[in-house]
Amino acid sequence: MSTFKDNVVVLVGASRGIGEQLSYRLAEQGAQLVLAARSENQLCQVAEKCKRKGVKVKVVVTDITREQACLKLVRDTVQEFGRIDTLLYNAGSGNTGYFSSYSNIGFINQEIQLNYYGLVYCLHYALPYITEQKGRIVGVCSMGGIIGLPGTAGYNASKHAMRGFLNTLRVEMLGTGVTVTTIYLSAVRTETYLKELGEKAAKIPASTPEKAAESIIRAAGKRRREVIPSLEGKLLLITHRLLPGFTEQLIAGSSMNYAKNR
Ligand SMILES: NC(=O)c1ccc[n+]([C@@H]2O[C@H](COP(=O)([O-])OP(=O)(O)OC[C@H]3O[C@@H](n4cnc5c(N)ncnc54)[C@H](OP(=O)(O)O)[C@@H]3O)[C@@H](O)[C@H]2O)c1
């Protein structure tokens, strides 16, 4: 039987990109879905495709950076399904450019709000329900949440915060049956990613949203702790651990420098 059969999954950031593919993979496994994001039309289209796979789907149009919206998301879910088995936090975005080049740094606040506080707000309200079910918490993070990849300082800081928060929560939830899985993705060719990087995207080895979604569902299904799906990501981490100074110089001059058109 599929791991997520009848599992009530709140998927935050479900309207496009990796989140859209996560919705389809979960629907194929028979999960009962709550799909959350801001774009109503896109969400409804994703929901329709999921329903055709025979699962129950609720769409919640919401801006997850507002605490009250997260409370409502949890309340709406419990009202509809009576429980929450899994919170899958996929929403996230980032800007590129060297910190020294920005005249206005307001976007860093937005990155922290979406990539970090949205997760914290959702879990603050959802955790009692997830605990009741001995459920799963799943966070979609980035290699930038482990290593300081240049050109995305605000984004990386928010993903580092996400990592620290989830690592702590994992330990705090020991003995409750609740598990915390964090996935550290390398580049994935979503529309947002291609738009942000432009021509440079072609020079960077990248996965597809479909493959990224599969690796996330696999890791979540097995209740893994922390997972780096790509070979590039694994090699980067090992090199950085062994030779941090050398690796930083290498990154600065490579296609992993998101601020430079190399
Ligand atoms: N693509 C990559 O190369 C890559 C690499 C490493 C990690 N990641 C991580 O993977 C995740 C998905 O990335 P992606 O490329 O698939 O991004 P994406 O295509 O831009 O999708 C982001 C999702 O988050 C939702 N979202 C954004 N702001 C929101 C808000 N305020 N409230 C509710 N939902 C919001 C978006 O929907 P609406 O706009 O409709 O709200 C959308 O569904 C992110 O956490 C990202 O950091 C991506």
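Start at 1 and go down the list; that is how both ligands and their atoms are numbered. Just so we're clear, the structure is a prediction, and the values are computed from it rather than from any experiment.
Within ligand 1, the atoms closer than 4.0 Å to a non-hydrogen atom of Y193 are 1 (N), 3 (O), numbered from 1 in the order shown. Listed by atom number, the atoms of ligand 1 under 4.0 Å from A187 heavy atoms are 3 (O). Residue-ligand proximity, A91 to ligand 1, at heavy-atom distances under 4.0 Å covers atoms 24 (O), 45 (O). Against a heavy-atom cut-off of under 4.0 Å, C141 is close to the following atoms of ligand 1: 7 (C). Residue G92 has at least one heavy-atom neighbour below 4.0 Å for each of these atoms of ligand 1: 22 (C), 24 (O), 44 (C), 45 (O).
Scanning I18, L11, I204 for the heavy atom closest to atom 16 (O) of ligand 1 points to I18. Scanning L119, V61, N90 for the heavy atom closest to atom 11 (C) of ligand 1 points to N90. Nearest to atom 39 (O) of ligand 1 by heavy-atom distance, out of K195, R16, M162, is R16. In the candidate list V188, L114, L149, L185, L185 is nearest to atom 6 (C) of ligand 1, counting heavy atoms. Among G17, A37, S39, the residue whose heavy atom lies closest to atom 40 (O) of ligand 1 is S39. Heavy-atom proximity to atom 10 (O) of ligand 1, evaluated over D63, L35, V140, T62, is greatest for V140. Remark: among candidates E111, R38, Q21, E20, the nearest residue to atom 27 (C) of ligand 1 is R38, based on non-hydrogen atoms.
A 4.5 Å side-chain heavy-atom check between R136 and F4 finds at least one atom pair inside the cut-off.
Classified by interplanar angle (parallel below 30°, tilted 30° to 60°, perpendicular above 60°), the ring pair F107/Y102 is tilted.
Remark: side-chain polar atoms of N156 are paired, donor with acceptor, to backbone N or O of L149 under 3.5 angstrom. In this structure, the side chain of K159 engages the main chain of V140 through a donor-acceptor pair within 3.5 Å. Using a distance-only test at 3.5 Å, with no hydrogens or angles considered, a donor-acceptor pair links the side chain of H160 to the main chain of G144. Under the 3.5 Å distance criterion, the side-chain polar atoms of E111 are matched with a main-chain donor or acceptor of Y155.
Of the protein's non-hydrogen atoms, G13 CA, 3.7 Å is the one closest to atom 25 (C) of ligand 1. Considering only non-hydrogen protein atoms, atom 32 (N) of ligand 1 sits nearest to I64 N, 2.9 Å. For atom 20 (O) of ligand 1, the closest non-hydrogen atom of the protein is T192 OG1, 2.6 Å.
Residue contacts with ligand 1: V12 is placed with no nitrogen or oxygen under 3.5 Å of a nitrogen or oxygen of the ligand (distance criterion only). For a threshold of 3.5 Å applied to N or O pairs, the pair formed by S15 and ligand 1 contains at least one separation below that value. Between T65 and ligand 1, no N or O atom pair is found at a separation short of 3.5 Å.
Side-chain contact of N257 with Y98: a donor-acceptor pair under 3.5 Å is present, judged by distance alone. Q133 and Y129 share no side-chain donor-acceptor pair at under 3.5 Å.
Residue-level proximity to ligand 1 for S186 is carried by the backbone, the only part with a heavy atom below 4.0 angstrom. Looking at T190 against ligand 1, only its side chain comes within 4.0 Å, counting heavy atoms. Under 4.0 Å from ligand 1, not a single heavy atom of Q42 appears. Contacts between A14 and ligand 1 below 4.0 angstrom, taking non-hydrogen atoms only, involve the backbone exclusively.
Checking each of Y125, Y121, Y117 against E67 for a side chain to side chain donor-acceptor pair (under 3.5 Å) leaves exactly one that passes, namely Y125.
Within the model, atoms OG1 of T239 and CG of L250 stand 8.0 Å from one another, a figure rounded to the nearest 0.5 Å. For the atom pair OG1 (T181) and CZ (R224), the distance works out to 9.0 Å, reported to the nearest 0.5 Å. From L169, atom CG reaches atom OG1 of T179 across 10.5 Å, with rounding to the nearest 0.5 Å. Note: S215 OG to I228 CD1 = 12.0 Å, rounded to the nearest 0.5 Å.
Contact annotation: A212 has no heavy atom less than 4.0 Å from any atom of ligand 1. Residue contacts with ligand 1 include K159, since one or more of its heavy atoms lies under 4.0 Å from the ligand. Between Y155 and ligand 1 there is a heavy-atom distance shorter than 4.0 Å.
We find that E214 and K211 are not joined by a salt bridge, their nearest charged nitrogen and carboxylate oxygen being 4.0 Å or further apart. A salt bridge links E226 to R163: at least one charged side-chain nitrogen sits closer than 4.0 Å to a carboxylate oxygen.
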